[in-house]
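Quick note on labels: first sequence line is chain A, next is B, and so on, each numbered from 1. The structure presented is a predicted model; accordingly, all values stated were derived computationally and were not measured.
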2 protein chains.
Amino acid sequence: MSRKEEITNLLTCFRKIHPISRDSEEAIIDLSSLVSVKKNQDLQPIGVTCRTIYFVQSGLARIYYYKDGNEITEYFAFENDIIVRAESLFTGKPSKKAIQAVEDTVFIGIPSAQLFELYDSFPDIERLFRKIIESTYVDTVNRIESIQFHTAEERYTQLLSENPSMIQRIPLKHIASYLGITQVSLSRIRAIR
Amino acid sequence: MSRKEEITNLLTCFRKIHPISRDSEEAIIDLSSLVSVKKNQDLQPIGVTCRTIYFVQSGLARIYYYKDGNEITEYFAFENDIIVRAESLFTGKPSKKAIQAVEDTVFIGIPSAQLFELYDSFPDIERLFRKIIESTYVDTVNRIESIQFHTAEERYTQLLSENPSMIQRIPLKHIASYLGITQVSLSRIRAIR
DNA sequence: CCTTTCTTTTTACAATTGTTAAATAATCAG
DNA sequence: CTGATTATTTAACAATTGTAAAAAGAAAGG
């Protein structure tokens, strides 16, 4: 697949969220580039300010950080998902988080400064990204509910039903920290079923 | 304080986030209205689609919902805070959540449909609200970290240090459900200190 | 094929939080 | 002021999850 064709995939995904003009699409394509990252390699390391908005073209990636010496996975991004360290992108501060390829992964990257400049000339692009944030925000609020009011077992079962392939594709230690439990607890939960 | 003066307070708050033109400010003021709600009364009940964006002018409010028959507080809004049932506003679906005044509270309400129409003529208003969402999103991601990786005691202590007045102003049962624990657990935690 | 390394599971025990019920304290309406 | 309601605390016990260490299993490199 050519670079242009691959990025066209992204546009298809955007169109479902908020259709933008042909000119706006062109402007985004001009900014976009493809980045390939090998399994277990960091796309963006800890300590660097986030200046690029990524989407997963193919493969699978995660955001992780360290908490008391333990690695915590905050987010998984599958094909066509956005992956961004928002706490850094929206504040300009160096990120305490890293983006890592869980499998060999191809990302589409859009430099944030240049994208934000487009917002002035293309209000429909700003609207598209506003809607993306809104939807991401709703997901995040729902995730809080899931964490606070379901047991680890319930959350694991739900994850399994929503996305069965995760268990095959992602090391259980990452899933455990994503669920907010230890790997031992996850193993225990899996043993019961 | 006159209606106009009160809403001007809101503009002062907006200016800190993203300055907008005089015309844009006027347009927002024209849409805005004040709503007073007595303590423990719902501003917006469960089951109604969210069509208004509220800010707390004075007093204190919360968003709550029911989970297995138990009332859960999701969010507290103090003076100048935004309060919105995002899962309904951004999806158009009836909300499973309600907004309630914890004290006698004055809200500033902006009808969302009319506000969203302003986005077309005043891109700076869209930008302002995009930034509000971005910042709210970052807060929410940080809250997940707080829930997943701190004990209930740590979360209570942090809440106490960030906002000591909460404990005086808000019934402990609401604080308990906000922290994701039972009231009995919260009582136990408070007894130790 | 073998060794090394990484991942996952198992075990035993400790700590935290939940559940239920009852007691105490505070608040509110008349 | 007083009874009724609501809020908060306490107690006893159960369930869930964490911690540490060891064992088993799977993957990777030479």
inquiry  = Quick one: does any side-chain atom of B:Thr157 pair with a main-chain N or O of B:Glu153 as donor and acceptor, under 3.5 Å?
reply    = yes

query = Can you name the nearest heavy-atom pair linking A:Val138 to B:Ala86, along with the distance?
reply = CG2-O, 3.9 Å

Please write out each protein N/O paired with an N/O of nucleotides 17-20 of chain D under 3.5 Å, distance rounded to 0.1 Å.
unit_1 : atom_1 : unit_2   : atom_2 : d
D:dT17 : OP1    : A:Ala152 : N      : 2.8
D:dG18 : OP2    : A:Thr182 : N      : 3.3
D:dG18 : OP2    : A:Thr182 : OG1    : 3.3
D:dG18 : OP2    : A:Ser185 : OG     : 2.5
D:dG18 : N7     : A:Arg188 : NH2    : 2.9
D:dG18 : O6     : A:Arg188 : NH1    : 2.9

key: Contacts of type side chain to side chain donor-acceptor pair (under 3.5 Å), residue A:Tyr64, not counting sequence neighbours   = A:Asp42

inquiry  = Minimum heavy-atom separation for A:Gly180 and A:Arg155, please, with both atom names.
reply    = N-NH1, 4.3 Å

task = Would you sort out whether B:Ser187 and B:Arg190 count as a side-chain hydrogen bond (donor to acceptor under 3.5 Å, both in side chains), showing the intermediate values?
result = CA-CA 5 Å; B:Ser187 221; B:Arg190 286 160 55 81; 5.6 Å; no

request  = Could you tell me whether A:Arg143 sits above the aromatic face of A:Tyr178, with NZ or CZ closer than 6.0 angstrom to the six-membered ring centre and within 45 degrees of the axis?
outcome  = yes

message = Taking ring pair (Phe, Tyr, Trp, His ring centres under 6.0 Å) as the cut-off, I'd like each qualifying pair that reaches into residues 11-55 of chain B, sequence neighbours left out, listed once.
response = B:Phe14-B:Phe55, B:Phe14-B:Phe129, B:Tyr54-B:Phe107

request  = Give a yes or no on this: more than 12 heavy atoms of other residues, nucleotides or ligands lie within 6.0 Å of atom NZ of A:Lys67.
outcome  = yes

key: Pairs involving residues 78-102 of chain A, ordered by first then second residue, that meet salt bridge (charged side-chain N to carboxylate O under 4.0 Å, His left out) (sequence neighbours left out)   = A:Glu74-A:Lys97

query = Side chain of B:Ser36, backbone of B:Val106: donor and acceptor closer than 3.5 Å?
reply = no

key: Verdict with supporting geometry, B:Leu43 and B:Ile83, side chain to side chain contact (heavy atoms under 4.5 Å, CB included)   = CA-CA 11 Å; B:Leu43 167 68; B:Ile83 183 162; 5.6 Å; no

remark   = Residues at least two apart in sequence or cross-chain that pass side chain to side chain donor-acceptor pair (under 3.5 Å) with A:Ser165, listed by chain then number, are A:Asn163

remark   = Residues pairing under salt bridge (charged side-chain N to carboxylate O under 4.0 Å, His left out) where one sits in residues 101-126 of chain B, two or more places apart or in two chains, turn out to be A:Arg127-B:Asp120, A:Arg127-B:Glu126, A:Arg130-B:Glu126, B:Lys38-B:Asp104, B:Glu103-B:Arg169

remark   = For B:Glu25, the side chain to side chain donor-acceptor pair (under 3.5 Å) test, sequence neighbours excluded, returns B:Arg15, B:Arg22

request  = Within residues 59-78 of chain A, find the residues that approach DNA chain C with a heavy atom at under 4.0 Å, and present them sorted by residue number.
outcome  = none

Set of residues satisfying ring pair (Phe, Tyr, Trp, His ring centres under 6.0 Å) with respect to B:Phe90, sequence neighbours excluded = none

Within residues 168-176 of chain B: residues closer than 4.0 Å to DNA chain D (heavy atoms) = B:Pro171, B:Leu172, B:Lys173

message = Using a 4.0 Å cut-off to any heavy atom of chain B, which nucleotides of DNA chain C are the first and last in contact, reading 5' to 3'?
response = C:dT17 to C:dT20

message = Angle between the two end axes of the helix from C:dC1-D:dG30 to C:dG30-D:dC1, five base pairs per end, rounded to 10 degrees?
response = 50°

